[in-house]
There are 2 protein chains.
Amino acid sequence: MSPRRSVAEALGTRAAILDRSVAVASVEGLEGLTIGRLAAELGMSKSGVLGHFGSKEALQLAVLERADGIFLAEVWEPAAPAAPGLVRLRVLCEAWISYLERQVFPGGCFFVAAAHEFDGRPGAVRDAVESRFEAWRRRLGKEAGRAVDAGELPAGTDPEQVVFELLGVVMALNHAIQLHGDQRAAARARRAVETRLMPAGERPA
Amino acid sequence: MSPRRSVAEALGTRAAILDRSVAVASVEGLEGLTIGRLAAELGMSKSGVLGHFGSKEALQLAVLERADGIFLAEVWEPAAPAAPGLVRLRVLCEAWISYLERQVFPGGCFFVAAAHEFDGRPGAVRDAVESRFEAWRRRLGKEAGRAVDAGELPAGTDPEQVVFELLGVVMALNHAIQLHGDQRAAARARRAVETRLMPAGERPA
DNA sequence: CCTACCGATCGGTAGG
DNA sequence: CCTACCGATCGGTAGG
């Protein structure tokens with residue numbers, strides 16, 4: 001009848017564990033995230049940490065969900081008010097580049113890192129990462145398709161091709177920042193996006 | 001005066017360890033590569049494996065060197081006979097795409113994976129990965145520069161911008177193959193390279 | 001949420 | 001190249 005911790009306190013603890021986990025996993029990876037280290041950093045026991053999730057895999061899935069919330073708040077939401085089609089696609093790309101430039105996650109894009117870590121290991125974590133990317137590509141593809149339909153991009157442009165190339169630009173930027181600490185890369189990424197999203201009729205000869 | 005194993009046998013063992021290591025690390029990562037697992041798979045003792053390298057980090061560096069040899073043989077050497085400039089750059093990109101399509105390393109591009117694994121951890125492995133990428137970017141940049149100088153690419157084209165964008169295309173391809181098993185991605189990558197390496201004067205309006 | 005514990009595995013060493 | 005071993009750490013559980 002009188003739990004030692006209130007529901008609010010338990011939720012606060014859970015949130016604190018997830019915040020710390022996102023920060024650690026961003027740099028060390030979702031496997032490098034260990035219960036023991038997490039417990040020590042939070043001044044808790046290992047079983048105290050694990051009790052909130054049940055298993056390491058469940059913790060990893062919760063961390064992924066938390067990271068997705070941050071990503072959507074940083075990249076998708078700022079673009080939502082923009083006009084659908086080419087304008088929104090450009091705003092999305094700018095928010096995406098800015099998210100990497102500002103190092104919202106200290107280890108770079110959380111999902112790109114998770115994709116590389118888990119693409120060779122079947123399981124729930126891999127499936128979750130894959131479905132996040134698919135959802136994101138659908139979102140971008142929808143805007144690219146609208147831009148083509150509205151005549152803002154050249155007729156015959158394949159929206160999925162555009163999304164593929166934009167994803168590549170962002171991955172190259174993430175790589176340049178994280179591995180080389182290259183600050184000029186953001187300007188390169190912006191230039192590449194600009195070229196790729198040049199409106200119909202404005203292409204240079 | 002009479003070692004239990006001849007020098008040739010020791011070199012053969014070392015090569016066998018490295019072959020196995022490259023295959024494992026390609027999928028599980030350079031940290032996921034463990035001495036104990038390697039020993040079990042090779043029917044050796046842990047100290048037998050470790051004796052050839054001295055430490056896990058030294059093993060990782062040797063594995064990286066081995067992977068680099070494979071990469072150069074698969075991607076650089078086929079392009080060496082091609083004419084310098086735009087032709088060689090195109091042949092390089094085709095070999096690079098083919099290397100990913102054929103999954104020369106079962107886990108995808110060894111260096112992209114290693115970059116993500118180590119970009120947040122200072123040390124000799126990280127430095128080695130970074131210098132491999134720099135060498136590769138210099139090679140590509142040199143060909144791109146020649147193509148610009150020869151008028152094969154539009155005047156004013158920034159060779160480093162070209163390299164940045166090509167790296168992005170390849171990274172997007174690697175991602176699509178490894179995470180999504182998307183076989184159409186190679187065609188997308190070829191299309192993107194073709195657009196990016198369109199000769200001066202052949203750009204569509 | 002804790003203490004106390006489990007078996008497994010890690011990288012590495014001693015000594016041969 | 002082996003056996004035998006080291007301390008440390010892993011994810012997870014029992015019991016409270």
Side-chain angles (χ1 to χ4, degrees), chain A residues 1-21 24-25 27-64 114 117-118 121-126, chain B residues 1-21 24-25 27-64 114 117-118 121-126:
Chain A
M1 293 299 183
S2 60
R4 275 178 285 183
R5 295 287 185 275
S6 71
V7 171
E9 280 171 325
L11 286 176
T13 303
R14 192 188 141 99
I17 295 171
L18 287 178
D19 281 343
R20 193 85 208 103
S21 296
V24 172
V27 175
E28 317 272 352
L30 278 166
E31 275 298 323
L33 184 68
T34 73
I35 317 286
R37 174 181 168 178
L38 217 44
E41 288 182 4
L42 291 162
M44 294 172 65
S45 67
K46 289 200 302 172
S47 68
V49 171
L50 206 49
H52 283 275
F53 306 96
S55 70
K56 179 167 180 176
E57 189 180 61
L59 168 63
Q60 290 171 326
L61 291 169
V63 171
L64 222 41
E117 197 176 359
F118 283 89
R121 316 181 196 178
V125 176
R126 190 218 141 96
Chain B
M1 296 296 185
S2 61
R4 275 178 283 185
R5 294 287 187 275
S6 71
V7 171
E9 280 172 324
L11 286 176
T13 303
R14 192 188 140 98
I17 295 171
L18 286 178
D19 281 344
R20 193 86 208 100
S21 295
V24 172
V27 176
E28 317 273 352
L30 279 167
E31 274 298 323
L33 183 68
T34 73
I35 317 285
R37 176 182 167 176
L38 217 44
E41 288 183 3
L42 292 162
M44 294 172 65
S45 67
K46 288 199 302 171
S47 68
V49 171
L50 206 49
H52 283 275
F53 306 95
S55 71
K56 179 167 180 178
E57 189 181 60
L59 167 64
Q60 290 171 326
L61 291 169
V63 171
L64 222 39
E117 199 175 359
F118 283 89
R121 315 182 196 179
V125 176
R126 191 218 141 95

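Residue numbers start from 1 in every chain, and the chains themselves are labelled A, B, ... in the order their sequence lines are given, proteins ahead of strands. Values reported hereafter were calculated over all heavy atoms of this structure, with side chains retained and with hydrogens, waters and symmetry mates removed.
The two residues B/Ala58 and B/Phe53 come nearest to each other via the heavy atoms CB-O, 3.3 Å. The minimum heavy-atom distance linking A/Val125 with A/Leu61 is given by the pair CA-CD2, 3.8 Å.
In this structure, CG in B/Leu42 is found 9.0 Å from OG1 in B/Thr13, a value given to the nearest 0.5 Å. Interatomic distance, CD1 of B/Ile35 versus OG of B/Ser45, reported as 11.0 Å (0.5 Å rounding). Between A/Lys56 atom NZ and A/Thr34 atom OG1 the span is 6.5 Å, to the nearest 0.5 Å.
Between the side chain of A/Ser47 and the base of C/dC2, a donor-acceptor pair under 3.5 Å is found.
Looking only at distances, no side-chain donor or acceptor of A/Lys46 sits under 3.5 Å from a matching main-chain atom of A/Arg37. Counting only distance, with no hydrogens or angles, the side chain of B/Glu117 and the backbone of B/Glu31 share a donor-acceptor pair below 3.5 Å. For the pair B/Gln60 (side chain) and B/Leu30 (backbone), a donor-acceptor distance under 3.5 Å is present.
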Check the interface with nucleotides 6-12 of chain D: list each N/O to N/O pair with the protein under 3.5 Å, or write none.
residue, atom, partner, partner atom, Å
D/dC10, OP1, A/Thr34, OG1, 2.8
D/dG11, OP1, A/Lys56, NZ, 2.8
D/dG11, OP2, A/Ile35, N, 3.1
D/dG11, N7, A/Lys46, NZ, 3.0
D/dG11, O6, A/Lys46, NZ, 3.2
D/dG12, OP2, A/Lys56, N, 2.6
D/dG12, O6, A/Lys46, NZ, 3.1

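As rounded to whole Å, 14 Å separates atom C1' of D/dT3 from atom CE of B/Met44.
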task = Would you write the dot-bracket representation of DNA chain C, where each base gets (, ), [, ], | or . depending on whether it forms a Watson-Crick or G-U pair under 3.5 Å and with which partner?
result = ||||||||||||||||
